[in-house]
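Everything on this sheet refers to the single structure shown next.
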Amino acid sequence: MDLSELQAIRREKVEAFRASGVEPYALRSERTHTTLEAIRAFETREAVADGADDPEPPIVVVGRIVGFRHMGKTVFAHVEDGAGRLQLYARKDELGADEYADLLKLYDLGDFVQASGQLFRTRTGEISLRVAEIRMLSKALNAPPEKWHGLQDVEIRYRQRYVDLMANPEVRRVFEMRARTITATRRFLDARGYIEVETPTLQPLYGGAAARPFTTHHNALNQTFYLRIADELYLKRLLVGGFERVYEICKDFRNEGIDRNHSPEFTMLEFYEAYSDYQGMMELVEAMIAEVTRDVLGCSTIEVGDRTVDVTPPWTRRSMRDAIRDLSRVDYVAHPDQPSLLAAARAAGADIEADTVWPRIVDELLKQFVRPRLIEPTLLIDYPVALSPLAKRKADDPTHVERFQPFVGGVELGNSFTELNDPIDQLARFQEQQRDRDAGDDEAMPIDADFITALMYGMPPTGGVGIGIDRLVMLLAGQPTLRDVILFPAMRALPSTSDEGVDSHRE
RNA sequence: GGGCCGCUAGCUCAAUUGGCAGAGCAACUGACUCUUAAUCAGUUGGUUCAGGGUUCGAGUCCCUGGCGGCUCACCA
């Protein structure tokens, strides 16, 4: 391994520690206060100012050195822990000449240290720790990124997120926000009698969405498995079994392109409620997004670009047909065949290829005319049946299903419908999908015979919802791409360096 | 997969028409006992993503490849 000059110098410092009998990777630390607790404790003592007689308790803090300034026989440094930062102040005459020399020579930015002493305020008013003793906890061999500009290189930010996190504090805040989003979501559903379940990631047959799967192989069973593209069909089996309210937060995997709104592995929330329907789920989704937003942001508004939207229910509800008709002047119901709809869509200015199938033209109209304008929280309802093989038809219009999608800030947050529980109709829809598969559509769902069997035992009327957690976090955290809310986004592997050994074996 | 753009010191970025590869931070040596992007003086540090080509001379121009970003396509 080639060492840069900086790395070589830091390794020499490790050796210098060991030569003087100090292990630079300490077995343990003895923290008494986080940096935040130390500051709070000092402020509290200060407020009771006349307690000057009380002996001040010793403070021991730990953390990473993130700033280091020395002037003459004094050192100022900042250490950072999970709670915040605290300034250290070390004097040669108080620390001792040897220890002070070590501090100057052997300690670097990025090292984890433990410092003990008394708190005080500097002349400029900053609460600081007057260091009586300092100890190396973990010597960093790589220098941190530049302190002022942080880490800018996008590729390194994603590939080496640990560097991004240590250099760019706002990134840590985004992922704290992500954690709060998921916690708030669980709390919302738990409070309503939902139970959290886990269904298979490895599935012998995939389904529940229109997508291409990842394929893998189990050696002992000598069998192909698919990584799930959705958990829908398993969760509905649980309703057949008698659970009334279930949810799952898990990774789904779809073997598709990557862009700002799509990741090959992403976190999906799905929840199903027996004896509800899409009307009930609309109210639930509105309430959930509003509550999660309050929990995460402390208010009911979200900044979207230069606009502010309020997610307080009720949201605007519009049928998909009306929305498309109003914004594109095309009524797809008046054009039930592909050539007619294609012509109308193109006349309206849509950019659509000639061989696009009818349902996808509808989808294109939605995408090109409607979606970009759904900035205010909106529920788009009632989709054509061809787009929704798992949803129940509307009673008064069998060409449409009871389905809705929530949109905020132009982002599609999820998908919901009154679940199809008629096994015969479900089988017919699967068979329709199968015809599409046979015709070469490798995203159409395969027939899941066991799921039909399950429905034949009876599934109660049910409302179901899927919410893309990553997209929700992206919206709440104001991040421009999905990759900025995924800690380790999928990246192409770098050219392997491990085959150097292979090369050396070549004749 | 197509188009456009990018890749230079550990990090952030320069480099004129093709003419000695630079600065700031970090590091190293020194000065300075209340600094905080500390300051001051000095020093070190380069496979300019890789390979090939053109040229007296390539970070710069051409070709091939790698990785990334944006965008279109695909895709909830």
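To find a chain, count down the sequence lines: A is the first, B the second, and so on, and within it residues start at 1. Note: hydrogens, waters and symmetry copies are ignored here, and every other heavy atom, side chains too, is used.
In terms of polar N and O atoms assigned as donor or acceptor, the side chain of A:His149 never comes within less than 3.5 Å of the base of B:C13 in a complementary pairing. Residue A:Thr122 places a side-chain atom within donor-acceptor reach of the base of B:U35, judged by atom type and a 3.5 Å distance cut-off alone. Side-chain atoms of A:Glu126 and base atoms of B:U35 include no donor and acceptor less than 3.5 Å apart.
For B:G45 and B:G22, the P atoms lie 12 Å apart once the distance is rounded to whole Å. Rounded to whole Å, the separation between the C1' atoms of B:U64 and B:C25 comes to 37 Å. Comparing B:G66 with B:G52, their C1' atoms are spaced 15 Å from each other, to the whole Å. Straight-line distance between the C1' atoms of B:G24 and B:A9: roughly 12 Å, to the nearest whole Å. For the C1' atoms, the distance linking B:U48 with B:A21 amounts to 8 Å, nearest Å.
Ring geometry for A:Phe430 versus A:Phe451: interplanar angle over 60°, hence perpendicular rather than tilted (30 to 60°). Taking the six-membered ring where tryptophan is involved, the planes of A:Phe214 and A:Phe253 are perpendicular, since the angle between them exceeds 60° and thus also 30°. Classification of the A:Tyr206-A:Tyr226 ring pair by plane angle, with boundaries at 30° and 60°, yields perpendicular.
Looking only at side-chain heavy atoms (C-beta outward), A:Glu419 and A:Glu273 stay at 4.5 Å or farther from each other. Proximity of A:Asp108 to A:Ile65: side-chain heavy atoms (C-beta onward) are nowhere separated by under 4.5 Å.
Base contact: A:Leu366 has a heavy atom under 4.0 Å from a base atom. Within 4.0 Å (heavy atoms only), A:Leu6 reaches at least one base atom of the nucleic acid. As judged by a 4.0 angstrom heavy-atom cut-off over every strand, A:Glu5 is placed among the base-contacting residues. Here A:Asp153 lies in heavy-atom contact (under 4.0 Å) with sugar-phosphate atoms only. Within 4.0 Å of A:Phe120, counting heavy atoms only, lies at least one base atom of the nucleic acid.
Atom pair A:Leu88:CG and B:C34:C1' shows a separation of 14 Å (rounding to whole Å applied).
Partner assigned to B:U44 is none, using Watson-Crick or G-U wobble distances below 3.5 angstrom. Across all strands shown, B:C74 forms no Watson-Crick or G-U wobble pair with both key distances under 3.5 Å. Here B:U16 sits opposite no nucleotide as a Watson-Crick or G-U wobble pair (both hydrogen-bonding atom distances under 3.5 Å).
Applying the 4.0 Å criterion to OP1 and OP2 of B:G69, one finds that A:Arg483 has a side-chain N or O inside that range.
In this structure, CD on A:Glu402 lies 7.0 Å from CD on A:Gln279, to the nearest 0.5 angstrom.
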Write down the protein N/O and nucleotide N/O pairs, taken from nucleotides 73-75 of chain B, whose separation is under 3.5 Å; answer none if there are no such pairs.
from	atom 1	to	atom 2	distance (Å)
B:C74	N4	A:Asp259	OD2	3.3
B:C75	O3'	A:Glu256	OE2	3.4
B:C75	O2'	A:Glu256	OE1	2.2
B:C75	O2'	A:Glu256	OE2	3.0
B:C75	O2	A:His262	ND1	3.3
B:C75	O2	A:His262	NE2	2.7
B:C75	N4	A:Lys367	NZ	2.6

